[in-house]
Novice: 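Structure below; questions to follow.
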Amino acid sequence: MSEAMRIAVLGVSGRMGQMLVQAIGESERCMLCGATERAGHDWVGRDLGEAMGIAPRGVTVSDDPLEVFAGAEAVIDFTAPKATVAHAELAAQARAIHVIGTTGMEAEDLAKLEPAARHAVIVRAGNMSLGVNLLTLLTRRIAAALDPDYDIEVVEMHHRHKVDAPSGTALMLAEAAAEGRGVKLADVSDRGRDGQTGARRRGDIGMVALRGGDVTGEHDVIFAADGERIILRHVATDRMIFARGAVKAALWGRGRQPGQYDMIDVLGLRD
Ligand SMILES: NC(=O)C1=CN([C@@H]2O[C@H](COP(=O)(O)OP(=O)(O)OC[C@H]3O[C@@H](n4cnc5c(N)ncnc54)[C@H](OP(=O)(O)O)[C@@H]3O)[C@@H](O)[C@H]2O)C=CC1
Ligand SMILES: O=C(O)C1=N[C@H](C(=O)O)C[C@H](O)C1
């Protein structure tokens, strides 16, 4: 059996950071070797397990990503866009596999991942669950089969703490719908309806974001025509689906050529 993969978790105190610690602990194929938080965070310098209120883990939370990357084969990053861009540069220097779950990245942030991917394996997805990735494939197929008399709307709901909209998943689903229709999402996307909007433009793909309570993540893709609606739905009830997907991505990255990959590659679903 090959050696257990050494994985570090970035932004470890976050909702996803803590799930990732649990998901790494579940697998015999990997071990947690490091963890980071922002400088000044009260977990920095403490044993991770003790900070989490569980048994000591023998891993000290660091605010120095460079030191953490140097000791890791893979790093898993569910933090914030600017932090992720900086992490990508460090992952490239350390030749570490960089699994990115962070959403809300703008085009300029994504462009900065390209030079890093010349040296590191980057696996990035707005949603790391099997269910959502399958849903993107279904969305693409259905959009390809229907003409623009079927209006496409992507509706998402998340917890009150989420800071970006539309969600990374909603963007993945809208991209898949646009791809199925053979159009560019940027040309047809309608994200900000408010006031006197005028009638819906034929062929547009709408996106709507709801925020409230503790909703883990819910996404509907609606194909609405005269006389009928088709609704594809994914409901996440446990963040472990994302964390397990991210660990799977890190393990998949071992021995790959540098470049940018997504969960469709990891799950072997590319056609
Ligand atoms: N792809 C997927 O499957 C999923 C993606 N996500 C995405 O993951 C991201 C995180 O979500 P969530 O865990 O809910 O958010 P949280 O705010 O709970 O966690 C983010 C953590 O990252 C920390 N952080 C920010 N900047 C840095 C930095 N420079 N170095 C180290 N740590 C840093 C934050 O610290 P502080 O709070 O002090 O700023 C915080 O602890 C979001 O973009 C979310 O949309 C979430 C779930 C699934
Ligand atoms: O912030 C979240 O919580 C989630 N973010 C991802 C997204 O933006 O789609 C994935 C999941 O829906 C949870």
Side-chain angles (χ1 to χ4, degrees), residues 8-23 34-44 48 51-52 61-69 75-91 98-106 109 122-133 135-136 154-176 207 209-221 233-250 262-264 266-267:
V9 174
L10 313 178
V12 73
S13 79
R15 279 174 289 275
M16 281 304 301
Q18 298 192 52
M19 288 287 148
L20 288 159
V21 171
Q22 202 179 317
T36 70
E37 256 306 334
R38 272 181 314 95
H41 193 283
D42 66 2
W43 284 25
V44 172
L48 174 62
M52 286 176 74
V61 180
S62 171
D63 60 5
D64 178 2
L66 194 55
E67 160 200 279
V68 170
F69 282 47
V75 296
I76 306 186
D77 183 347
F78 287 66
T79 57
K82 299 294 176 234
T84 293
V85 167
H87 291 150
E89 209 171 294
L90 298 177
H98 189 187
V99 177
I100 301 176
T102 308
T103 59
M105 296 181 75
E106 303 288 348
D109 300 321
I122 296 181
V123 183
R124 186 178 69 85
N127 194 305
M128 302 262 172
S129 72
L130 172 62
V132 158
N133 282 279
L135 198 65
T136 62
V154 180
V155 183
E156 53 112 334
M157 181 157 187
H158 283 86
H159 52 95
R160 62 167 72 93
H161 304 288
K162 187 161 177 64
V163 295
D164 57 307
S167 68
T169 311
L171 288 166
M172 280 167 66
L173 293 165
E175 284 285 1
M207 273 177 271
L210 312 179
R211 294 288 175 265
D214 62 355
V215 176
T216 306
E218 299 186 1
H219 294 86
D220 281 5
V221 185
R233 169 170 297 171
H234 182 268
V235 177
T237 55
D238 186 343
R239 288 189 178 84
M240 279 304 279
I241 60 172
F242 312 128
R244 291 194 186 109
V247 171
K248 189 187 267 266
D262 61 22
M263 284 307 284
I264 297 292
V266 172
L267 297 167

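If you read the sequence from its start, that first residue is 1, and numbering goes on from there. Both counts, for ligands and for their atoms, begin at 1 and track the order of listing. The structure presented is a predicted model; accordingly, all values stated were derived computationally and were not measured.
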Novice: Would you kindly specify which portion of Pro81 sits under 4.0 Å from ligand 1, judged on non-hydrogen atoms: side chain, backbone, both or neither?
Specialist: neither
Novice: Thr36 heavy atoms, cut-off 4.0 Å: which ligand 1 atoms fall inside?
Specialist: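 Under 4.0 Å from Thr36, ligand 1 has these atoms: 31 (C).
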Novice: Atom CG of residue position Asp214 - does it have more than 12 heavy atoms of other residues, nucleotides or ligands inside 6.0 Å?
Specialist: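 No, because the 6.0 Å sphere around CG of Asp214 holds 12 heavy atoms or fewer from other groups.
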Novice: With heavy atoms of Thr102 as the reference, note each atom of ligand 1 found under 4.0 Å away.
Specialist: 43 (O)
Novice: Going by salt bridge (Lys or Arg N to Asp or Glu O under 4.0 Å), name the residues that satisfy it together with Glu156, two or more places apart in sequence or in a different chain.
Specialist: Arg211
Novice: Which protein non-hydrogen atom lies closest to atom 32 (N) of ligand 1, naming both residue and atom, and how far is it?
Specialist: Gly11 CA, 3.3 Å
Novice: Output the list of atoms in ligand 1 that are nearer than 4.0 Å to some heavy atom of Ala83, sorted by atom number.
Specialist: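 In order of number, 26 (N), 27 (C), 28 (C), 29 (N).
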Novice: Short N/O distance, under 3.5 Å, between Glu37 and ligand 1?
Specialist: yes
Novice: Considering all heavy atoms of both residues, which atom of Ala125 and which atom of Met263 are nearest to each other, and what is their separation?
Specialist: CB-CG, 3.7 Å
Novice: What do you reckon, is CD of Glu218 surrounded by more than 12 foreign heavy atoms closer than 6.0 Å?
Specialist: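 Yes, CD of Glu218 has more than 12 neighbouring heavy atoms, counting only those of other groups under 6.0 Å.
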Novice: Ligand 2: which residues have a non-hydrogen atom closer than 4.0 Å?
Specialist: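 For ligand 2, the contacting residues are Thr103, Gly126, Asn127, His158, His159, Lys162, Ser167, Gly168, Thr169, Thr216, His219, Phe242.
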Novice: For atom 1 (N) of ligand 1, what's the nearest protein heavy-atom neighbour? Residue, atom name and distance, please.
Specialist: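 Answer for atom 1 (N) of ligand 1: Ala125 O, 2.9 Å.
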Novice: Which atom pairs, donor and acceptor, lie under 3.5 Å between side-chain atoms of residues 78-87 and protein residues at least two apart or in another chain?
Specialist:
from, atom 1, to, atom 2, distance (Å)
Thr79, OG1, Asp77, OD1, 2.6
Thr79, OG1, Thr84, OG1, 3.2
Lys82, NZ, Asp109, OD1, 2.7
Thr84, OG1, Asp77, OD1, 3.1
Thr84, OG1, Asp77, OD2, 3.3
Thr84, OG1, Ala80, O, 3.2
Thr84, OG1, Thr102, OG1, 2.8
His87, ND1, Asp77, OD2, 2.9
His87, ND1, Ala83, O, 3.2

Novice: Which residue owns the protein heavy atom closest to atom 3 (O) of ligand 1, what's the atom, and how far is it?
Specialist: Met128 N, 2.9 Å
Novice: Closest heavy-atom contact between Gly11 and Glu37?
Specialist: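 So the two residues come closest at C-OE2, 3.2 Å.
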Novice: Which residue and atom name correspond to the protein heavy atom nearest atom 9 (C) of ligand 1, and how close is it?
Specialist: Thr79 O, 3.6 Å
Novice: So if I count the atoms of ligand 1 from 1 in the order they appear, which ones are less than 4.0 Å from some heavy atom of Lys162?
Specialist: 45 (O)
Novice: Do Leu90 and His98 make a side-chain contact, defined as non-hydrogen atoms from C-beta onward lying under 4.5 Å apart?
Specialist: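 Side chain of Leu90 against side chain of His98, heavy atoms only: no contact under 4.5 Å found.
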Novice: Determine whether Val247 and Ile76 make a side-chain contact, defined as any pair of heavy atoms from C-beta on separated by less than 4.5 Å.
Specialist: yes
Novice: Distance from Met128 atom CE to Arg244 atom CZ, nearest 0.5 Å?
Specialist: 15.0 Å
Novice: Among pairs that include at least one residue of residues 11-21, which meet salt bridge (charged side-chain N to carboxylate O under 4.0 Å, His left out), considering only residues two or more places apart or in two chains?
Specialist: none
Novice: I want to confirm something. Looking only at heavy atoms, which of Gln18, Arg38, Met263, Arg15 is nearest to atom 27 (C) of ligand 1?
Specialist: Arg38
Novice: Measure across Ile241 and Ala236 and return the closest heavy-atom pair with its distance rounded to 0.1 Å.
Specialist: CD1-CB, 3.8 Å
Novice: Heavy atoms, side chains only, cut-off 4.5 Å: are Leu173 and Thr136 in contact?
Specialist: yes
Novice: Taking distance alone, with N or O pairs closer than 3.5 Å, would you say Ser13 contacts ligand 1?
Specialist: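 Yes - when backbone and side-chain N and O of Ser13 are compared with those of ligand 1, one distance drops under 3.5 Å.
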Novice: In terms of atom number and element, which parts of ligand 1 are under 4.0 angstrom from non-hydrogen atoms of Met16?
Specialist: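 Here the atoms of ligand 1 in question are 13 (O), 46 (C), 47 (C).
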Novice: Mind checking the CE-CG spacing from Met105 to Asp164? Nearest 0.5 Å is all I need.
Specialist: 11.0 Å
Novice: Regarding ligand 1, does Leu10 bring an N or O atom to under 3.5 Å of one of the ligand's N or O atoms?
Specialist: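 Looking only at distances, the answer is no, because the N/O contact criterion of under 3.5 Å is not met.
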Novice: For atom 8 (O) of ligand 1, what is the nearest protein heavy atom, given as residue, atom name and distance?
Specialist: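 Result: Phe78 CD2, 3.5 Å.
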Novice: Determine, using heavy atoms of Gly104 and all atoms of ligand 1, whether some pair is separated by less than 4.0 Å.
Specialist: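 Gly104 does not count as a contact of ligand 1 under the 4.0 Å cut-off.
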Novice: Do the side-chain N and O atoms of Ser129 and Asn127 include a donor-acceptor pair separated by under 3.5 angstrom?
Specialist: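 Yes, Asn127 and Ser129 have a side-chain donor paired with an acceptor closer than 3.5 Å.
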Novice: Quick one, Lys248 and Val266 - any side-chain contact, counting heavy atoms below 4.5 Å?
Specialist: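 Yes - at least one pair of side-chain heavy atoms lies under 4.5 Å apart.
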Novice: Below 4.0 Å from any atom of ligand 1, is there a heavy atom belonging to Gly126?
Specialist: yes
Novice: When you check the side-chain N and O atoms of His158 and Ser167, is any donor under 3.5 Å from an acceptor?
Specialist: no
Novice: Just to confirm my output: which protein heavy-atom neighbour is closest to atom 19 (O) of ligand 1, and how far is it?
Specialist: Gly14 CA, 3.3 Å
Novice: Using a 3.5 Å cut-off on N or O atoms only, is Thr103 in polar contact with ligand 1?
Specialist: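 Yes - when backbone and side-chain N and O of Thr103 are compared with those of ligand 1, one distance drops under 3.5 Å.
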Novice: With respect to Gly101, determine whether any N or O atom, backbone or side chain, lies less than 3.5 Å from an N or O atom of ligand 1.
Specialist: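 It does: an N or O of Gly101 is found under 3.5 Å from an N or O of ligand 1.
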Novice: Please work out whether any backbone atom (N, CA, C, O) or any side-chain heavy atom from C-beta onward of His41 is under 4.0 Å from ligand 1, and answer side chain, backbone, both or neither.
Specialist: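 Looking at His41 and ligand 1, just side chain atoms fall under 4.0 Å.
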